Amino acid sequence: MRLSQFHLATVKEVPADAEIASHRLMLRAGMIRRLASGLYTWSPLGLRVLRKVENIVREEMDRAGAIEMLMPSIQPRELWDETGRWEKFGGQLLKIKDRKQQEFCYGPTHEEVVTDFARNELKSYKQLPVNFYQIQTKFRDEIRPRFGVMRAREFLMKDAYSFHLTQESLAETYAVMYQAYVRIFTRLGLTFRAVQADTGAIGGNASHEFQVLADSGEDAIAFSDGSDYAANLEKAEARATAAAAPAPAAPLQRVDTPRQRTISEVAEFLQVSPQQCVKTLLVRGNDGLVALCLRGDHEINEVKAGKLAELPGESVLASEEEILAACGTRPGFIGPVGLPDAIPVIVDRDAAVLADFVCGGNANGSHYTGANWGRDARIGRVADLRNVVEGDLSPDGKGVLHIARGIEVGHVFQLGQKYAEALNASVIDDSGKAQVMTMGCYGIGVSRIVAAAIEQRHDEAGIIWPEAMAPWRVAVCVINPKNASAAVNEAAEALYQALGQRGIETVLDDRGLRPGGMFADMELIGIPHRVVVSERGLAAGTLEYRGRTDAESRSLTEQELFALLA
RNA sequence: CGGGGUAUAGCUCAGUCUGGUAGAGCGUUGCGUUUGGGACGCAAAAGUCGGGGGUUCGAAUCCCUCUGCCCCGACCA
């Protein structure tokens with residue numbers, strides 16, 4: 001590509017409300033332009049990168065045996081009524097009507113459509129397993145779109161759906177997809193981790209997220225330094241630090257804590273560490289309130305709490321009024337000692353192995369010291385309620401957990417029969433009986449990958465593309481082309497042609513910018529390799545090469561350059 | 001949905017408090033000088049000051065209202 005024939009539109013300034021590096025750099029590089037909240041135009045430059053990602057995803061899906069298709073983005077309400085998700089999906093579903101007032105939505109995902117396709121197309125177990133995929137625009141009416149294309153309302157996604165007769169077959173395809181994802185993110189040149197993910201309300205046997213590691217990531221992930229264990233923080237299991245509580249050594253004593261309500265205030269006031277305190281959260285249970293007890297320095301994990309049998313499927317903190325009505329105490333002074341019998345007490349594993357601890361006194365302005373389970377407070381049962389923290393033992397017993405931030409770019413999921421059952425998608429098995437199919441689904445946020453890559457790889461000057469994602473691998477920069485000798489322009493043109501003939505994607509910067517502006521642009525848009533052609537270099541018979549992350553330029557012969565790029 | 005902020009040239013923003021002919025930088029166009037890290041000079045084009053209503057002799061500025069956008073929170077996977 002000759003840059004003089006392209007539309008490169010870099011800018012120096014960027015709106016103050018572009019918060020994260022990838023959003024700022026994509027705007028500055030002119031890759032995207034905002035049309036409305038969460039809606040972005042991909043410029044020619046941005047599209048080149050997006051297509052690089054898309055093509056790698058497509059190649060690896062094809063290699064893994066998935067079959068590409070394309071489904072409509074507009075979907076009829078009736079199909080969504082069949083699975084009950086027209087209502088359940090809520091405000092994220094963009095609903096529209098046609099001229100006959102019939103209702104449709106812009107697809108946020110395609111389980112309904114693909115399962116409808118499958119129930120019409122697949123009749124026999126001999127057609128299974130089969131894995132359909134598409135790369136297509138999705139729309140989710142996010143409450144708060146942000147960070148440019150990182151969390152946009154309209155975005156490009158690869159979604160694949162596999163159909164099986166048995167769970168074993170699903171597990172096989174799941175493993176193949178998992179490996180395909182590993183290949184994709186490896187080829188893209190990203191630092192990532194596959195982590196166990198919560199399967200949520202859908203159930204199923206397995207789910208993994210692929211997280212690109214970046215400090216600005218919205219997800220927290222835990223991983224072991226002694227094994228390959230890695231999980232989303234909402235999923236990571238917290239093991240108790242001790243097998244059992246030590247024997248009680250201190251007497252139970254009520255102490256006045258007139259204005260100390262938070263754990264940190266109480267701990268400081270009583271001169272104990274937060275680890276020696278028990279905090280008690282009251283949440284709405286199936287039948288009245290439920291008490292959840294945690295060690296003072298630990299955080300509740302709402303996903304784990306929501307799964308407790310005593311809770312209605314979600315964890316919602318009780319209001320101050322509800323607490324006052326049930327306990328006669330304001331929040332801040334609640335504790336397991338002397339709590340009304342009607343309130344079940346569920347204790348986190350680590351809180352359960354404390355002895356002589358501090359807890360709320362169930363009276364305004366008072367706490368207990370020297371409290372002990374059994375002697376002073378009842379334990380309904382012990383459960384894993386908390387988020388793991390840096391330094392926790394890995395749940396597989398090997399190594400210690402560390403916490404990192406990640407950006408979710410892929411998610412594989414063993415769906416089971418939820419959708420096939422709702423839509424009655426079945427095939428005839430070898431005994432002639434109809435069997436509901438078992439499904440898996442596998443998503444990749446194609447447009448999000450572009451932002452995630454920048455988030456992971458950038459510097460002061462701009463984007464640092466992995467080679468596989470760069471809009472061009474090499475930039476040939478001509479110094480002062482309008483006034484340089486014919487030889488310089490000819491040499492640049494010849495080099496550009498030679499690189500192209502070797503299959504190396506090259507951009508020729510023949511715009512005639514001053515060198516500073518030209519270099520700044522090539523660095524901003526993240527071209528991995530830069531070669532300068534000038535009178536100076538021509539006289540010396542060498543090319544001036546500089547890698548995107550190199551501190552300085554160096555001289556290469558043309559042959560050395562080709563070898564380096566081979 | 002609750003709270004906060006914001007809307008002025010293509011872009012980034014001053015100007016609003018204290019009402020009196022619309023500003024800067026970047027970008028764009030033309031001319032000239034320049035040409036190895038975002039050059040310089042001169043000239044020019046470019047604005048229903050988000051929409052509507054009100055107060056006033058007079059509103060970008062004060063008041064009411066609507067809308068868009070951004071941030072925090074709640075929500076959601």
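Quick caveat: nothing in here was measured; it's all calculated off a predicted structure.
- In terms of polar N and O atoms assigned as donor or acceptor, the side chain of Glu13(A) comes within less than 3.5 Å of the base of G25(B) in a complementary pairing.
- Nucleotide A74(B): unpaired (no Watson-Crick or G-U wobble partner with both distances less than 3.5 Å).
- No N or O donor and acceptor, one from the side chain of Arg144(A) and one from the base of G3(B), sit under 3.5 Å apart.
- Rounded to whole Å, atom C1' of C69(B) lies 11 Å from atom CZ of Arg153(A).
- Across every strand in view, G37(B) sits unpaired, with no contact that passes the Watson-Crick or G-U test at under 3.5 angstrom.
- When heavy atoms are screened at a 4.0 angstrom cut-off, Glu535(A) is found touching no nucleic acid atom at all.
- Base pairing of U6(B) is made with G68(B), judged by Watson-Crick or G-U wobble geometry with both donor-acceptor distances under 3.5 Å.
- Annotation for Ala230(A) and Ala194(A): closest pair CB-O, 3.7 Å, computed over non-hydrogen atoms.
- Here the side chain of Tyr181(A) pairs no donor or acceptor atom with the backbone of Glu209(A) at under 3.5 angstrom.
- One atom, NZ of Lys12(A), and another, P of A24(B), lie 18 Å apart when rounded to the nearest Å.
- Separating the P atom of C72(B) from that of U65(B) is a span of 27 Å, rounded to the nearest Å.
- Within the shown strands, C42(B) is the pairing partner of G30(B) under the Watson-Crick or G-U definition, both distances less than 3.5 Å.
- Rounded to the nearest Å, the gap between the C1' atom of U34(B) and that of C40(B) is 8 Å.
- Scanning atom types as modelled, no donor and acceptor separated by under 3.5 angstrom connect the side chain of Glu523(A) and the base of G38(B).
- Taking atom P on both nucleotides, C13(B) is separated from C31(B) by 33 Å, rounded to a whole Å.
- Residue Arg536(A) is in base contact, counting any heavy-atom pair closer than 4.0 Å across all strands shown.
- You'll find a donor-acceptor pair under 3.5 Å spanning the side chain of Arg546(A) and the base of G37(B), going by distance alone.
- Summarising the geometry, the separation between CD on Glu302(A) and C1' on C75(B) is reported as 12 Å, rounded to the nearest angstrom.
- For Arg34(A), whose side chain is taken as the heavy atoms from C-beta onward, the closest listed nucleotide among A77(B), U35(B), C69(B) is C69(B).
- Between Asp348(A) and Arg386(A), at least one side-chain nitrogen of the basic residue sits less than 4.0 Å from a carboxylate oxygen of the acidic one, meeting the salt-bridge criterion.
- For a distance-only test at 3.5 Å, the side chain of Arg28(A) qualifies as a donor-acceptor partner of the base of G38(B).
- Here U48(B) sits opposite no nucleotide as a Watson-Crick or G-U wobble pair (both hydrogen-bonding atom distances under 3.5 Å).
- Arg33(A) comes within 4.0 angstrom of no nucleic acid atom, judged by non-hydrogen atoms across all strands.
- Spacing between atom CZ of Arg85(A) and atom P of A77(B) amounts to 11 Å, rounded to whole angstrom units.
- Nearest to the side chain of Arg514(A), among C72(B), G38(B), U34(B), sits U34(B).
- A 3.5 Å limit on both hydrogen-bonding distances identifies G25(B) as the Watson-Crick or G-U partner of C11(B).
- Without hydrogens or angle criteria, Asp510(A) side chain to Gly512(A) main chain gives no donor-acceptor distance under 3.5 Å.
- Comparing the P positions of U6(B) and C17(B) gives an interatomic distance of 14 Å, to the nearest angstrom.
- For the C1' atoms, the distance linking A24(B) with U8(B) amounts to 12 Å, nearest Å.
- Contact check on Glu493(A) versus Arg2(A) returns a salt bridge, with a Lys/Arg side-chain nitrogen under 4.0 Å from an Asp/Glu carboxylate oxygen.
- Judged purely by atom type and a 3.5 angstrom limit, Asn286(A) uses its side chain to pair as donor or acceptor with the backbone of Glu310(A).
- Distance OH (Tyr442(A)) to P (A77(B)): 22 Å, rounded to an integer number of Å.
- Here C75(B) is the nucleotide among C75(B), G37(B), C69(B) with the atom lying nearest to any side-chain atom of Ile143(A).
- Between Glu142(A) atom CD and C72(B) atom P the separation is 14 Å, expressed in whole Å.
- Taking the nucleotide of RNA chain B with the nearest heavy atom to each of Leu513(A) and Ser37(A), the more 5' of the two is matched to Leu513(A).
- One N or O on the side chain of Lys279(A) and one on the backbone of His298(A) form a donor-acceptor pair closer than 3.5 Å.
- A43(B) and G19(B) are spaced 34 Å apart, taking the C1' atom of each and rounding to whole Å.
- With a cut-off of 3.5 Å on both Watson-Crick or G-U wobble distances, the partner of A59(B) is given as none.
- Taking atom CZ on Arg24(A) and atom P on C70(B), their separation rounds to 16 Å, with Å as the unit.
- Distance CG (Asn480(A)) to C1' (G37(B)): 15 Å, rounded to an integer number of Å.
- Comparing Phe89(A) and Val11(A) against RNA chain B, the residue whose closest nucleotide sits nearer the 5' end is Val11(A).
- For the C1' atoms, the distance linking G54(B) with C1(B) amounts to 31 Å, nearest Å.
- Here side-chain hydrogen bond (donor to acceptor under 3.5 Å, both in side chains) pairs that include residues 535-544 of chain A, with residues two or more places apart or in two chains, are Ser485(A)-Glu535(A).
- Taking atom C1' in both C70(B) and G50(B), one finds a spacing of 15 Å when rounded to whole Å.
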